[in-house]
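A short worksheet on the structure shown next.
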Amino acid sequence: TAASKFRVLSGLRYGAPSAADACRELKRDGITRIVGVSLYPQQCKRFFHSSGQNLQRQAGEGAQVSLIDRLVHPLYFDAVRSSIDAALERAPEAVVIFAALYLDRTDAEEGDPYPDQLIAAVEQIMSKVQRPHRLSWLELGGPGLSTEEMLKKYRESGATGVVLCPLGTLVDELEVVHGLDFLLRPIARGLGYTQVERAASLGTSPLLLEALAATLTAHLAHVGGLGFVG
């Protein structure tokens, strides 16, 4: 945003810096147009709905608030694919297991869009990667197999290398780091995998930043065209 007039702040729901802190700072500087950008790239009511409502509440009267609750720009898929490619360079014969942030099975049954968007994301990401791959859940109880169960299935089929790819978040959340690095990696070794790699979370990937910038630009053009902003 260096060449733009955007002000970028972090706003967490349950930690610091909070969304309330960010809104107070924006109000102090006279900024009333706010776009909330979710760091969950797939739309999920449980993950972002309450946070979006909280941002709108904290912004208060007189502020114009809109939300970006998903990321479908091609550069986002390129960024994930690039991370997987880097891991496959270290384990070229590995299978790829996507480990998605957990969603309760009942949420999926009630029509949450998250599972379908995860599937669509995996299809886009792997359209240019010729490796066996499957989607799984970091924890038991989701609407499909857990990552641990998927590791067992691939090992039973003869796989000796695996790339674990986090999905559902853009950053290294504590749940992701603990699940992949401290729980699942030792489990994979214990099952007999000789190569266990993790595709890095995107964090500050240049491709991701380009995707976010393009998505924001398109979003502002859209809401402006609808007459919500001047």
Side-chain angles (χ1 to χ4, degrees), residues 38-42 44 47 70-103 114-212:
S38 174
L39 294 182
Y40 300 112
Q42 285 76 44
C44 181
F47 293 167
R70 74 204 73 176
L71 187 57
V72 295
H73 195 279
L75 287 175
Y76 159 66
F77 302 123
D78 288 346
V80 181
R81 189 182 305 117
S82 177
S83 181
I84 292 172
D85 285 341
L88 285 172
E89 287 182 5
R90 301 187 296 271
E93 301 302 318
V95 300
V96 179
I97 297 179
F98 289 89
L101 284 179
Y102 172 78
L103 182 76
Y114 180 57
D116 285 341
Q117 291 197 12
L118 286 172
I119 293 169
V122 169
E123 290 175 350
Q124 289 287 334
I125 294 163
M126 298 303 290
S127 63
K128 300 178 183 178
V129 182
Q130 300 302 313
R131 295 303 307 159
H133 59 277
R134 292 294 297 272
L135 174 65
S136 67
W137 301 93
L138 269 172
E139 299 179 37
L140 289 167
L145 294 180
S146 70
T147 306
E148 182 176 350
E149 292 170 323
M150 195 66 71
L151 281 167
K152 292 177 182 176
K153 282 189 171 295
Y154 267 127
R155 185 70 189 97
E156 289 169 359
S157 69
T160 59
V162 61
V163 169
L164 299 172
C165 180
L167 199 62
T169 179
L170 299 176
V171 296
D172 270 329
E173 294 189 20
L174 180 59
E175 177 183 357
V176 174
V177 173
H178 180 72
L180 292 182
D181 293 347
F182 294 96
L183 294 181
L184 291 167
R185 187 186 294 271
I187 287 173
R189 293 290 188 190
L191 289 170
Y193 285 92
T194 57
Q195 290 183 304
V196 182
E197 298 290 341
R198 176 157 81 93
S201 296
L202 300 185
T204 56
S205 159
L207 289 172
L208 171 64
L209 299 182
E210 288 184 49
L212 288 172

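Not measured: the values here are computed from a predicted model.
Taking 4.5 Å as the limit, some side-chain heavy atom of E139 sits within range of a side-chain heavy atom of E175. Using a 4.5 Å cut-off on side-chain heavy atoms (C-beta onward), L183 and H178 make contact. At least one side-chain heavy atom of P41 sits less than 4.5 Å from a side-chain heavy atom of L170. Between W137 and M150 the shortest side-chain heavy-atom distance does not fall below 4.5 Å. The shortest side-chain heavy-atom distance between V72 and Y76 does not fall under the 4.5 Å cut-off. Residues L164 and E197 are not in side-chain contact: their nearest non-hydrogen atoms beyond the backbone lie 4.5 Å or more apart. When side chains are defined from C-beta on, C44 counts as touching L103, because their heavy atoms get closer than 4.5 Å.
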side-chain contact (heavy atoms from CB on, under 4.5 Å) between I84 and F98, intermediate numbers included: CA-CA 10 Å; I84 292 172; F98 289 89; 3.6 Å; yes
From CA spacing to verdict: side-chain contact (heavy atoms from CB on, under 4.5 Å), L184, I97: CA-CA 11 Å; L184 291 167; I97 297 179; over 6 Å; no
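No salt bridge links E149 with K153; every basic N to acidic carboxylate O contact stays at or beyond 4.0 Å. Remark: D172 engages R198 in a salt bridge, criterion side-chain N to carboxylate O under 4.0 Å.
Looking at R155, its side chain does come within 3.5 Å of a backbone N or O of L191 through a donor-acceptor pair. The main-chain N or O of L101 is never found under 3.5 Å from a side-chain atom of Y40 such that the two would form a donor-acceptor pair. Distance alone, capped at 3.5 Å, places no donor-acceptor pair between the S83 side chain and the V80 backbone. With hydrogens and angles ignored, the 3.5 Å screen pairs a side-chain donor or acceptor of R131 with a backbone N or O of A94.
For F47 and Y114, the distance between ring centers is under 6.0 angstrom.
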